[in-house]
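The block underneath contains the structure these notes are about, expressed in structure tokens.
Predicted model only: the values in this text are computed from it and were never measured.
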Amino acid sequence: MKRFRGESQHKVDAKGRVSVPALFRRVLEASDPNWTSGKSPELIIVYGDHRRNFLECYTIEAINEVDRKIDALPRGSMERRMLQRLFHGQSLSTNVDETGRLILPMKLRQKIGLTKEAYFIAAGDTFQIWEPSTYVEEEVSRTERWLEELPDEFDPLAFLDRVADE
């Protein structure tokens, strides 16, 4: 599976159109089994509940993996119903247009307070869209606090030593 990498900030116009970073578009294309040259890649935007202050964008391959795991939960279980609500109900299927832009509906822009600028950040098999100041207030400060708790000479890659090789 391809991975998203990097971060960037883009203008949002009055109609909610925002350019998707070019490298992100390549991952969306490679991860959409129905995509062919000249077509627009599809993606799923999960906006979630009131606690989520960003939009999480899934490739078709990534959301299919989530769907398979949800489907494996016992039918009628609270976990399955809640995950269906969060990932099926509180989401939007869309595509990148021929100019490389997403159109974010007003409902989604209002939910995360998005007005003039959108901050894109990679998250492995997904990417997130934030209102830039919210990202700084929440995520940058959270990362700084986490790093401050570690010794100065600590290398965060050491956490990977705990992961078993497959």
Side-chain angles (χ1 to χ4, degrees), residues 1-73 77-143:
M1 181 183 304
K2 295 238 178 203
R3 296 279 188 200
F4 294 101
R5 305 252 183 231
E7 60 184 337
S8 62
Q9 194 162 312
H10 298 270
K11 293 196 179 309
V12 179
D13 73 12
K15 295 180 180 178
R17 295 177 297 206
V18 61
S19 291
V20 176
L23 291 175
F24 287 16
R25 292 194 307 265
R26 300 298 82 83
V27 175
L28 289 169
E29 291 165 357
S31 301
D32 181 348
N34 297 320
W35 181 82
T36 57
S37 185
K39 286 185 71 178
S40 299
E42 189 178 358
L43 68 146
I44 305 298
I45 301 174
V46 175
Y47 52 90
D49 63 32
H50 66 282
R51 298 168 302 161
R52 187 176 279 225
N53 294 325
F54 60 92
L55 306 175
E56 185 130 33
C57 300
Y58 286 77
T59 66
I60 297 305
E61 286 179 356
I63 202 68
N64 285 343
E65 181 181 343
V66 170
D67 288 346
R68 280 190 297 277
K69 290 179 179 181
I70 291 171
D71 291 347
L73 293 169
S77 70
M78 180 61 79
E79 291 85 359
R80 183 171 174 161
R81 289 196 328 250
M82 291 300 107
L83 288 170
Q84 286 173 327
R85 182 168 298 140
L86 292 170
F87 286 91
H88 300 161
Q90 296 175 335
S91 65
L92 170 72
S93 179
T94 189
N95 63 331
V96 177
D97 72 16
E98 61 280 350
T99 64
R101 297 180 300 187
L102 277 178
I103 299 174
L104 298 174
M106 180 63 76
K107 174 184 176 179
L108 300 188
R109 286 180 279 150
Q110 287 176 335
K111 182 179 186 310
I112 65 169
L114 200 62
T115 55
K116 297 178 183 187
E117 298 275 329
Y119 180 75
F120 288 75
I121 184 145
D125 63 348
T126 66
F127 66 90
Q128 299 171 351
I129 303 174
W130 289 79
E131 192 287 319
S133 65
T134 304
Y135 181 79
V136 170
E137 291 167 14
E138 293 187 15
E139 291 300 301
V140 171
S141 61
R142 179 181 295 144
T143 301

Practice problem: If the plane angle is over 60° it's perpendicular, under 30° parallel, otherwise tilted; pick one for Phe127 and Phe24. | Solution: tilted
By side-chain contact (heavy atoms from CB on, under 4.5 Å), Ser93 pairs with (sequence neighbours left out) Glu42, Ile44
Can you name the residues that form a side-chain contact (heavy atoms from CB on, under 4.5 Å) with Asn95, not counting sequence neighbours?
->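 Here the qualifying residues are Ser40.
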From [atom1] ([X]) to [atom2] ([Y]), nearest 0.5 Å:
X: Thr59; Y: Glu29; atom1: OG1; atom2: CD; value: 12.5 Å
X: Ile60; Y: Glu65; atom1: CD1; atom2: CD; value: 13.5 Å
X: Tyr47; Y: Leu86; atom1: OH; atom2: CG; value: 10.5 Å
X: Leu104; Y: Cys57; atom1: CG; atom2: SG; value: 7.5 Å

Above 12 or not: heavy atoms from other molecules or residues under 6.0 Å from [atom1] of [X]?
X: Arg5; atom1: CZ; value: no
X: Leu23; atom1: CG; value: no
X: Arg85; atom1: CZ; value: no

Run the side chain to side chain contact (heavy atoms under 4.5 Å, CB included) check on Phe87 and Tyr58 step by step: do they pass?
-> CA-CA 10 Å; Phe87 286 91; Tyr58 286 77; 3.2 Å; yes
If only atom types and distance count, is the side chain of [X] paired as donor or acceptor with the main-chain N or O of [Y] below 3.5 Å?
X: Trp130; Y: Thr134; answer: no
X: Lys111; Y: Arg52; answer: yes
X: Arg101; Y: Arg17; answer: no

Evaluate the side-chain proximity of [Y] to [X]: yes if any heavy-atom separation is below 4.5 Å, no if none is.
X: Lys2; Y: Leu28; result: no
X: Leu102; Y: Thr94; result: yes
X: Ile70; Y: His88; result: yes
X: Pro21; Y: His10; result: yes
X: Val18; Y: Phe120; result: yes

- Item | Option passing side chain to side chain contact (heavy atoms under 4.5 Å, CB included) with Leu43 (candidates Leu92, Val27, Asp32, Val96) |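 With Leu43 as partner, Leu92, Val27, Asp32, Val96 yield a single side chain to side chain contact (heavy atoms under 4.5 Å, CB included), made by Val96.
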Salt bridge or not for Arg51 and Asp49, using N-O below 4.0 Å?
-> yes
Item to complete: Would you kindly say whether Gln128 and Thr126 are connected by a side-chain donor-acceptor distance under 3.5 Å?
Response: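 No.
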